[in-house]
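Let me begin by presenting the structure, written as structure tokens, before commenting on it.
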Number of protein chains: 2
Amino acid sequence: MITICDVARHAGVATSTVSYVLTGKRPISAATRSRVLESIRVLGYHPHAGARGSATSRTNVVALAVPLREGVYVPVLMRMVTAAVTAARRHGLNVLLMTADQGVDGLRGVAGSAQADGFLVLDVEMNDERVPLLRQLAQPSVLIGQPATTAGLTCVDFDFEAAGAACVEHLADAGHRYIGFLGAPTPVYQRRTGFAHRAMVGFSAAAMRRGITSTIMPTAGDHHSVLKAVQALFRVHPSTTALVVHNEAALGWVGAGLRSLGRKVPEDVAVIAICPDGLAEQASPSFTSIRLPAEELGRRAVELLVAKLNGQTVPSLTLLEPELAERASTAGVPGRMLARRANPAVNPERVTAGRRPSRSGAGTRTLPPTPPVVPAPRT
Amino acid sequence: MITICDVARHAGVATSTVSYVLTGKRPISAATRSRVLESIRVLGYHPHAGARGSATSRTNVVALAVPLREGVYVPVLMRMVTAAVTAARRHGLNVLLMTADQGVDGLRGVAGSAQADGFLVLDVEMNDERVPLLRQLAQPSVLIGQPATTAGLTCVDFDFEAAGAACVEHLADAGHRYIGFLGAPTPVYQRRTGFAHRAMVGFSAAAMRRGITSTIMPTAGDHHSVLKAVQALFRVHPSTTALVVHNEAALGWVGAGLRSLGRKVPEDVAVIAICPDGLAEQASPSFTSIRLPAEELGRRAVELLVAKLNGQTVPSLTLLEPELAERASTAGVPGRMLARRANPAVNPERVTAGRRPSRSGAGTRTLPPTPPVVPAPRT
DNA sequence: GCGCCTCGTCGAAACGTTTCGACGACGTTA
DNA sequence: TAACGTCGTCGAAACGTTTCGACGAGGCGC
């Protein structure tokens with residue numbers, strides 16, 4: 001192994017001078033600098049990360065905790081991960097990957113032995129067991145997702161609650177009175193995973209406010225489960241005219257499920273998904289969606305962490321605003337109770353149609369919001 | 001920060017003694033050991049990884065290079081990754097995640113600055129640009145997948161060639177004469193990704209040998225592409241009675257594609273998938289499959305790497321044998337040219353039916369094997 | 001009872017960095 | 001021209017480990 005001393009000798013300077021050339025922490029004359037750089041090049045010197053860490057107590061590594069739990073949709077999670085890794089690279093940071101098996105203890109170990117300068121934590125539950133540990137850690141951390149309370153933490157999250165509400169608003173404005181919600185798999189809600197819980201709560205609350213009758217149905221991502229869930233939804237409320245889908249794995253099967261009931265998207269049923277743009281586009285017909293900015297979440301989390309590492313203070317909660325992208329799945333005429341026709345962009349009747357008070361005052365919810373239960377469909 | 005010296009002082013011993021208690025590299029009396037351990041517990045001491053690395057030139061970190069390239073099916077890759085991380089943990093190793101953006105340079109950097117003791121390399125292409133670098137690195141490495149030549153390397157791979165062949169054998173034995181191959185997305189073949197290339201070659205060669213007429217069709221994973229690909233397959237050879245699917249993302253749409261042609265699985269078309277067991281099971285009907293042991297690949301790779309780190313010599317190529325799991329998708333009566341009936345387990349006619357020589361001597365292949373091209377389907 | 005070997009422990013020197021105080025040389029200001 | 005900064009560089013002391021040689025205390029055989 002070739003060390004900084006070798007370089008210094010080769011260039012005829014002190015080792016500290018080489019160090020200053022490398023770190024730029026003191027001025028070095030152009031002549032000396034170029035001589036040193038040349039020696040580095042010739043000898044093929046690479047600073048030894050461990051030794052540097054020993055001297056500075058900085059590892060230039062951030063740990064990324066990704067508990068791949070049951071029911072999470074891996075590709076979306078991976079978008080965040082790769083975005084985070086890429087962003088970290090730009091700041092000269094490497095990423096240590098920690099998965100399910102190394103839970104709280106794993107975090108404690110990595111933190112204690114100073115293997116990472118900071119922590120990025122994904123898939124956060126409302127009462128995440130990692131949160132108390134993070135609070136007392138020497139190293140800063142950023143959560144992607146929100147636990148029940150964000151005091152003393154730094155969280156970045158997509159505003160799933162607003163997203164759930166926005167779906168209802170959009171559909172209600174278009175005149176829909178019966179809306180179904182196709183959610184994440186049951187275990188996800190049982191764990192009270194932040195994103196799933198919040199989207200559902202936002203959806204339910206907005207439905208209440210708007211006097212919409214809503215039905216909530218969790219579902220696994222496979223063909224059969226989705227079919228059953230969709231059928232169950234329509235059995236409960238045959239007059240349902242719109243669906244909100246918050247389950248990426250299920251997206252592809254929703255169309256088939258509706259078709260099996262003789263209903264078409266968008267003519268008979270409008271669909272809005274909460275998912276990354278790409279997934280909504282490749283459905284057929286393409287789905288109107290509230291775009292889930294997975295990459296930006298990863299990127300922002302890294303930026304916040306870097307800021308904290310530099311001693312800056314950052315907001316304890318950063319919420320990304322939902323944005324709706326209108327596509328084919330809500331372009332139909334939802335039928336029955338709608339005055340509205342075609343051209344959804346400019347729609348003078350929208351307020352009238354959408355905001356009319358509900359008959360019953362408050363909406364009825366078929367299932368209690370927490371934890372939702374799949375009513376056993378007939379087999 | 002609390003150091004090994006603090007512990008030594010607290011326990012009334014020399015720092016080296018504490019070190020020996022921790023590493024076990026010299027005998028320590030039970031009395032002293034327990035006193036030291038107690039002090040460690042009381043003070044909450046954690047050895048500083050960087051300092052240790054500086055002293056030993058061992059980081060207890062392995063780097064995992066996962067270039068998430070276009071067209072790879074993320075969930076399967078992630079199974080390998082999590083299996084690898086879990087296995088690494090068992091050996092006291094942490095995992096540094098490197099993604100697409102940090103290609104060869106990233107590897108070189110991590111290796112040069114000694115941030116990892118070894119390398120795990122995924123998604124290997126036949127002429128992978130990382131291979132020459134790996135050969136000259138100071139640190140050992142293990143590839144999951146095979147480049148064109150494995151000399152001087154350590155590779156673990158599933159025997160995709162045998163898997164491709166096994167599909168043909170099984171189907172040919174059951175009497176099928178026209179078999180379609182639904183492959184990975186085109187870019188994957190264009191890159192000459194090892195696993196895709198090999199499976200296809202194995203399939204083609206076996207089809208040749210058995211006098212089977214085969215059609216190869218790459219396809220993207222979305223609904224539309226799969227439908228088009230399936231339709232194209234049957235337009236080329238309407239008499240096709242079996243399909244081999246080597247594309248996890250497409251699995252879910254194959255049934256729909258066939259249905260759109262008025263063909264049913266398994267009555268009209270037999271299907272064999274090359275994919276992890278779980279995916280084959282949740283198709284409907286469930287797919288007979290050659291099980292892709294994603295987890296075991298990850299685990300084995302780590303074990304080989306650990307062996308290399310310990311100075312052991314390991315084989316340059318470890319190939320996992322394909323295993324066929326029979327399920328519903330090949331339980332049908334393939335019709336037309338089959339003597340065979342029901343009960344596929346005990347089948348006296350199998351040899352007769354399967355091994356009968358093909359009419360044309362050698363099989364005809366509709367498309368050249370490398371690189372395959374999708375014949376533009378009518379839109 | 002003396003020498004010898006083993007066992008357990010110690011002190012000091014590494015490991016490859018960074019960082020701090022110091023110190024010449026030189027240019028500027030009075 | 002003397003005093004004073006500033007700039008560039010140096011040497012040495014950290015950082016928190018591991019590791020190596022050495023050394024005292026016992027136990028054993030003779």
Side-chain angles (χ1 to χ4, degrees), chain A residues 1-37 39-40 43-61 92 109-117 138-139, chain B residues 1-37 39-40 43-61 92 109-117 138-139:
Chain A
M1 159 148 237
I2 143 126
T3 79
I4 200 174
C5 297
D6 299 328
V7 174
R9 212 168 311 131
H10 186 271
V13 297
T15 65
S16 48
T17 304
V18 178
S19 178
Y20 288 127
V21 167
L22 253 20
T23 63
K25 297 202 174 173
R26 281 201 188 173
I28 295 288
S29 71
T32 315
R33 156 175 296 111
S34 63
R35 198 147 39 90
V36 168
L37 289 177
S39 296
I40 288 179
L43 300 179
Y45 165 76
H46 282 274
H48 187 283
R52 173 173 291 174
S54 161
T56 58
S57 291
R58 272 278 212 149
T59 59
N60 289 333
V61 168
V110 170
S113 59
Q115 283 185 93
D117 297 336
Q139 293 94 335
Chain B
M1 157 146 238
I2 142 127
T3 78
I4 199 175
C5 298
D6 299 329
V7 175
R9 213 168 310 132
H10 185 271
V13 297
T15 63
S16 49
T17 304
V18 178
S19 178
Y20 289 128
V21 168
L22 254 20
T23 64
K25 297 204 175 171
R26 281 201 188 173
I28 295 288
S29 71
T32 316
R33 156 176 294 113
S34 64
R35 200 147 37 91
V36 168
L37 289 176
S39 296
I40 288 178
L43 300 179
Y45 164 76
H46 283 273
H48 187 283
R52 173 173 291 174
S54 161
T56 57
S57 290
R58 272 279 211 146
T59 59
N60 289 334
V61 168
V110 169
S113 59
Q115 283 184 91
D117 297 335
Q139 294 94 337

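Since the model is a prediction, treat every value here as computed from it, not as a measurement. Note on naming: letters A, B, ... go to the chains in the order of the sequence lines (proteins, then strands), and numbering restarts at 1 for each one.
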Next on the checklist: Between A:Ser54 and A:Gly50 (side chain of the first, backbone of the second, donor and acceptor by atom type, cut-off under 3.5 Å), is there such a pair?
Outcome noted: no
Next on the checklist: Need one value for B:Ser16: base, sugar-phosphate or nothing, where a base atom within 4.0 Å counts as base even if backbone is also close, heavy atoms only.
Outcome noted: base
Next on the checklist: For the backbone of B:Arg35 and the side chain of B:Ser39, can you confirm whether one donor and one acceptor N or O come within less than 3.5 Å of each other?
Outcome noted: yes
Next on the checklist: Using modelled atom types and a 3.5 Å cut-off, is there a donor and acceptor pairing between side-chain atoms of B:Gln139 and backbone atoms of B:Ala111?
Outcome noted: yes
Checklist entry - Rounded to whole angstroms, how far apart are NE2 on A:His46 and P on C:dG16? => result 15 Å
Checklist entry - When the nearest nucleotide of DNA chain C is assigned to B:Ser57 and to B:Ala31 on a heavy-atom basis, which residue is associated with the more 5' position? => result B:Ala31
Item to check | For atom CZ of B:Arg58 and atom P of C:dG16, their distance in whole Å | outcome: 16 Å
Checklist entry - A:Thr15 or A:Arg35: which one's nearest nucleotide on DNA chain D is closer to the 5' end? => result A:Arg35
Checklist entry - Taking OP1 and OP2 of D:dC10, is either one under 4.0 Å from a side-chain nitrogen or oxygen of A:Thr17? => result yes
Checklist entry - B:Ile4 has an atom CD1; how far is it from atom P of D:dG16, in whole Å? => result 11 Å
Next on the checklist: Counting only side-chain heavy atoms from C-beta out, which of C:dT19, C:dC10, D:dT18 sits nearest to A:Lys25?
Outcome noted: C:dT19
Next on the checklist: Base, sugar-phosphate or nothing for B:Ser54? Non-hydrogen atoms, less than 4.0 Å.
Outcome noted: base
Next on the checklist: Whole angstroms only, please: what is the NE2-C1' distance between B:His48 and C:dC15?
Outcome noted: 14 Å
Checklist entry - Of all the nucleotides listed (D:dG21, D:dG16, C:dA22), which has the minimum atom distance to the side chain of A:Arg26? => result C:dA22
Next on the checklist: Using only modelled atom types and a 3.5 angstrom limit, is any donor from either the side chain of A:Tyr20 or the base of D:dC7 paired with an acceptor on the other?
Outcome noted: no
Item to check | From A:Ile4 atom CD1 to A:Ser16 atom OG, the distance as rounded to the nearest 0.5 Å | outcome: 8.5 Å
Checklist outcome for this item: In whole angstroms, the gap separating P of D:dT18 from CG of B:Leu22 amounts to 6 Å
Checklist entry - NA contact type, B:Thr3, heavy-atom cut-off 4.0 Å: base, sugar-phosphate, or nothing? => result sugar-phosphate
Next on the checklist: I need the CD1-P distance between B:Ile28 and D:dT19, as an integer number of Å.
Outcome noted: 14 Å
Checklist entry - What distance do A:Thr3 atom OG1 and A:His46 atom NE2 have between them, rounded to the nearest 0.5 Å? => result 14.0 Å
Item to check | Interatomic distance, B:Leu43 CG vs D:dG16 P [rounded to whole Å] | outcome: 15 Å
Next on the checklist: If I take atom CD in residue A:Gln115 and atom C1' in nucleotide D:dG16, what distance separates them, rounded to the nearest angstrom?
Outcome noted: 14 Å
